[in-house]
Amino acid sequence: MEWANQLCENRQFGSKMTDSKYFTTTKKGEIFELKAELNSDKKEKKKEAVKKVIASMTVGKDVSALFPDVVNCMQTDNLELKKLVYLYLMNYAKSQPDMAIMAVNTFVKDCEDANPLIRALAVRTMGCIRVDKITEYLCEPLRKCLKDEDPYVRKTAAVCVAKLHDINAQLVEDQGFLDTLKDLISDSNPMVVANAVAALSEIAESHPNSNLLDLNPQSINKLLTALNECTEWGQIFILDCLANYTPRDDRESQSICERVTPRLSHANSAVVLSAVKVLMKFMEMLPKDLDYYGTLLKKLAPPLVTLLSAEPELQYVALRNINLIVQKRPEILKHEMKVFFVKYNDPIYVKLEKLDIMIRLASQANIAQVLAELKEYATEVDVDFVRKAVRAIGRCAIKVEQSAERCVSTLLDLIQTKVNYVVQEAIVVIKDIFRKYPNKYESVIATLCENLDSLDEPEARAAMIWIVGEYAERIDNADELLESFLEGFHDESTQVQLQLLTAIVKLFLKKPTETQELVQQVLSLATQDSDNPDLRDRGYIYWRLLSTDPVAAKEVVLAEKPLISEETDLIEPTLLEELICHIGTLASVYHKPPSAFVEGSRGVMHKRLPARTGSGESTESPDVGTAAGGSAPEAAPSIIPSQGDLLGDLLNLDMAPPTTSGPPPPTTGMQMGGMDLLGGGLDSLLGGDIGGSPAMGAGFGAAPAVMPASLNAPVGGGLGDLFDLGGGVGMPMGAYIPPKIVWLPAMKAKGLEISGTFARRAGVIQMELILTNKAMSVMTDFAIQFNRNSFGLAPAGPLQVLTPLGPNQTIEVSLPLSTVGPVMKMDPLNNLQVAVKNNIDVFYFSCQYPISMLFVEDGKMERQLFLATWKDIPNDNESQFQIKDCHLNSDAASSKLQGSNIFTIAKRTVEGQDMLYMSIKLSNGIWVLAELKVQAGNPNYTISLKCRAPEVSQCVFQCYEAVLKN
């Protein structure tokens with residue numbers, strides 16, 4: 001027993017001794033050891049220590065505690081060690097800005113080192129250290145390196161300017177680095193030229209109004225000379241820069257094309273695509289009857305074909321670009337169909353893209369070849385590919401009329417295979433073939449009907465229902481077929497439900513006696529049992545048509561349908577032009593403009609192809625001095641207004657007849673003609689008969705109109721009574737004019753300072769300017785020009801500065817404006833880009849005008865029209881805002897707003913709260929309706945705005961706020 005106790009005591013004592021060893025060690029830790037090694041006198045040991053530090057940093061360990069020790073290692077002649085220290089410095093300078101300043105002296109010293117590699121390394125690292133405190137110390141070393149005798153140092157310094165500009169743009173401009181960069185474009189070394197172009201392009205992208213790359217024939221010649229000798233990435237920078245230039249005429253355009261063409265045979269695919277972009281752009285200016293034009297078309301095909309022999313990922317990028325090129329100029333690759341035939345080992349994304357291009361290139365000459373290929377593809381194992389192949393056969397039938405019969409028989413053969421997804425795709429495309437060639441291939445309907453039970457996809461079911469409804473008179477049991485679909489009506493997708501409703505109404509109009517019960521059943525299902533607004537609305541429209549005028553119903557529902565177009569999936573022409581200008585970039589792969597996917601794209605410029613010489617559109621950069629209004633200044637290239645971009649188009653969507661072919665004509669001012677912009681509203685649409693029973697015949701009625709919840713008027717008959725009330729509307733005060741602000745400071749315009757504001761007087765918009773000469777020389781020959789903008793603002797006359805403007809003199813000028821200039825949606829909407837020219841230079845600035853100066857004098861809407869319009873504008877288009885700290889009563893507010901052409905239509909008081917209903921009409925015909933709630937004693941107003949172009953609402957709210965608070 002005693003022995004056991006002793007053993008236990010020994011174990012406890014031993015345990016205590018063993019645990020304590022974890023807390024005492026002779027090691028000082030990894031950081032301590034590295035610190036000691038970094039301060040070693042031996043160069044090799046020091047280099048090994050820095051390598052260990054970099055290794056730790058690379059795997060994510062925090063070695064920032066060693067910052068001063070690593071920085072001390074900068075004082076060395078060993079290039080390898082210096083590189084490692086600079087790498088460490090770039091990584092930790094941001095987290096240790098105060099310590100990083102210690103390295104400044106070494107940078108300055110290294111920038112004067114005899115070894116050009118060390119000079120370049122120092123300037124490169126300086127550009128990568130994004131610390132504001134250090135930037136000002138780096139200006140002198142950078143200035144020396146930009147003028148260094150060694151081209152390697154100069155080319156590195158050029159890129160450093162772009163990096164420094166990103167950190168502190170004002171500093172770069174003040175130090176004159178941008179002018180030095182421009183001078184480097186004339187450098188004797190091609191790599192220096194390429195890097196200078198790359199740096200200027202980078203800066204110009206983030207500052208689109210800066211006019212940095214002022215390209216002219218002389219500078220273009222220097223770039224083309226450098227193009228032959230610089231590296232492949234240098235060539236890409238130069239080619240991309242060339243693509244932004246607009247030649248003066250077709251002769252200059254041809255000269256540039258001739259010098260760029262050799263790049264098509266380059267081994268790097270990025271160089272090839274950049275060269276193709278330049279040639280595609282400049283070809284626009286060449287007359288088509290020119291021999292060289294034909295030669296160029298032939299030269300473009302081989303490099304594009306060669307790109308398809310690369311690895312699949314590169315093939316895909318090439319195919320996406322070729323897709324754009326084929327849409328713009330199909331003649332380039334019309335003889336190269338075979339290279340787009342699918343290989344068995346192509347990835348699916350390449351197969352689908354090749355298929356798309358095959359259809360675009362299909363013509364009468366090669367259709368037999370194409371169809372044989374497509375039929376082969378339809379028996380493949382990849383379901384997505386087979387579906388697209390079947391659709392492609394249908395598209396070929398629509399595109400090449402001579403092949404339609406062969407395509408239909410191919411589709412019928414595929415239907416006989418009874419493969420479910422093949423049958424469904426075939427039925428979808430046969431529906432389109434019927435639309436394209438009516439009364440020609442209807443004999444196949446019987447075969448289609450045999451496969452009715454196998455259809456389970458919404459698109460195929462909808463297509464089959466359309467065929468049965470359209471050709472009901474040729475199908476004996478059409479009513480039974482449609483009734484079979486009706487049994488599971490509520491389980492069908494919306495697409496099928498809408499198609500079934502229309503098909504049964506068609507059937508009723510063709511066979512009224514046999515199908516009365518069926519049509520009643522479907523109308524009841526669509527209107528009473530459905531909560532889908534599209535389906536309900538269509539049901540009510542058919543119901544009203546059938547009950548009031550069956551003859552009219554027949555003319556509407558059974559009207560002759562327009563033939564479908566050959567190419568329904570072509571990219572809209574203006575977007576295609578922009579994408580051609582972005583060949584070789586992500587935009588050409590996504591088939592979207594950069595502004596659609598680049599976040600915070602304040603500098604994303606929309607591009608356009610130049611106009612062909614002799615087309616009536618000037619191809620030269622406009623001379624600011626010649627026109628008072630019109631084209632954009634050279635620094636801000638005009639943007640192609642896409643259909644969706646123009647506010648006028650937003651309003652015309654539901655009123656103008658559809659355009660059948662070609663791009664929309666250019667918008668010149670937003671004239672609406674004699675059209676009633678808002679129509680008759682909901683009341684006129686619904687007619688007089690509100691309510692009604694869901695039975696056939698005379699009592700056949702429509703759904704009651706639902707009042708918008710936003711107009712919650714709780715008293716009496718709601719908004720209807722509101723317009724019988726008077727509104728204590730006082731006399732209007734004067735229009736609000738914002739105070740003048742400086743638009744263009746003297747330091748940015750060689751001594752010319754421009755301040756100004758906008759006003760509307762007696763129906764005329766005026767730009768009121770103060771021009772001050774802070775330079776030492778006299779200024780004369782003033783002219784002004786605007787870029788295209790959201791509301792077509794343009795000078796209505798020249799800038800009247802009749803006497804020379806001497807040093808320290810100031811002059812006030814009033815410039816009348818019109819609203820019939822070219823239109824392009826801006827961001828923000830009320831942004832205006834202006835160019836002012838004088839005898840010294842052309843200067844550019846942007847300003848924002850208050851949208852209230854576009855409010856016209858005839859903006860008071862008739863009361864009943866206001867009511868109908870408020871109902872008619874969708875609730876989604878309503879915006880609500882708060883106006884804070886406003887101490888006016890409702891009458892004073894109404895009077896003040898009327899001075900700026902914001903008219904009160906009616907006023908009512910509900911539970912101590914005044915509600916003002918107002919209308920505004922903009923110069924381009926857009927109406928804005930408003931409800932302003934003013935509570936006595938409450939300084940915060942609530943305003944609700946409704947408009948068919950909701951983009952305008954934010955600007956209108958800002959005007960309310962400005963007018964009421966000033």
* To do: Scan side-chain atoms only and decide if Arg248 and Asn216 contain a donor-acceptor pair under the 3.5 Å cut-off.
  =>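 Per modelled atom types, Arg248 and Asn216 side chains form no pair under 3.5 Å.
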Check whether [X] reaches the backbone of [Y] with its side chain - one donor and one acceptor, N or O, closer than 3.5 Å.
X: Ser255; Y: Arg251; value: no
X: Asn773; Y: Asn808; value: no
X: Asp113; Y: Ala120; value: no
X: Ser56; Y: Lys61; value: no
X: Asn195; Y: Ala158; value: no
X: Asn839; Y: Thr780; value: yes
X: Asp187; Y: Pro190; value: no
X: Arg263; Y: Val271; value: no
X: Glu252; Y: Pro217; value: no
X: Ser253; Y: Asp249; value: no

Any [X] side-chain heavy atom under 4.5 Å of [Y] side chain:
X: Met283; Y: Leu300; value: yes
X: Phe177; Y: Lys182; value: no
X: Thr180; Y: Gln175; value: no
X: Pro141; Y: Val123; value: no

*In terms of heavy-atom contacts, does CD of Gln170 have more than 12 from other residues, nucleotides or ligands at under 6.0 Å?*
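Buried by this count: over 12 neighbours within 6.0 Å.
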Tell me whether Tyr590 at atom OH has more than 12 heavy atoms from other residues, nucleotides or ligands lying less than 6.0 Å away. no
Look up atom CE in Met280 and atom NZ in Lys328, then write down how far apart they are to the nearest 0.5 Å.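 Here the interatomic distance stands at 7.5 Å.
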Take Asp250 and Gln254 through the test side chain to side chain donor-acceptor pair (under 3.5 Å) and record every step on the way to the result. CA-CA 6 Å; Asp250 55 344; Gln254 181 175 339; over 6 Å; no
**Request:** Return the orientation label for the Phe282 and Tyr245 ring planes: parallel under 30°, perpendicular over 60°, tilted otherwise.
**Result:** perpendicular
In Lys774, Lys748, Lys740, the residue satisfying salt bridge (Lys or Arg N to Asp or Glu O under 4.0 Å) with Glu753 is Lys774
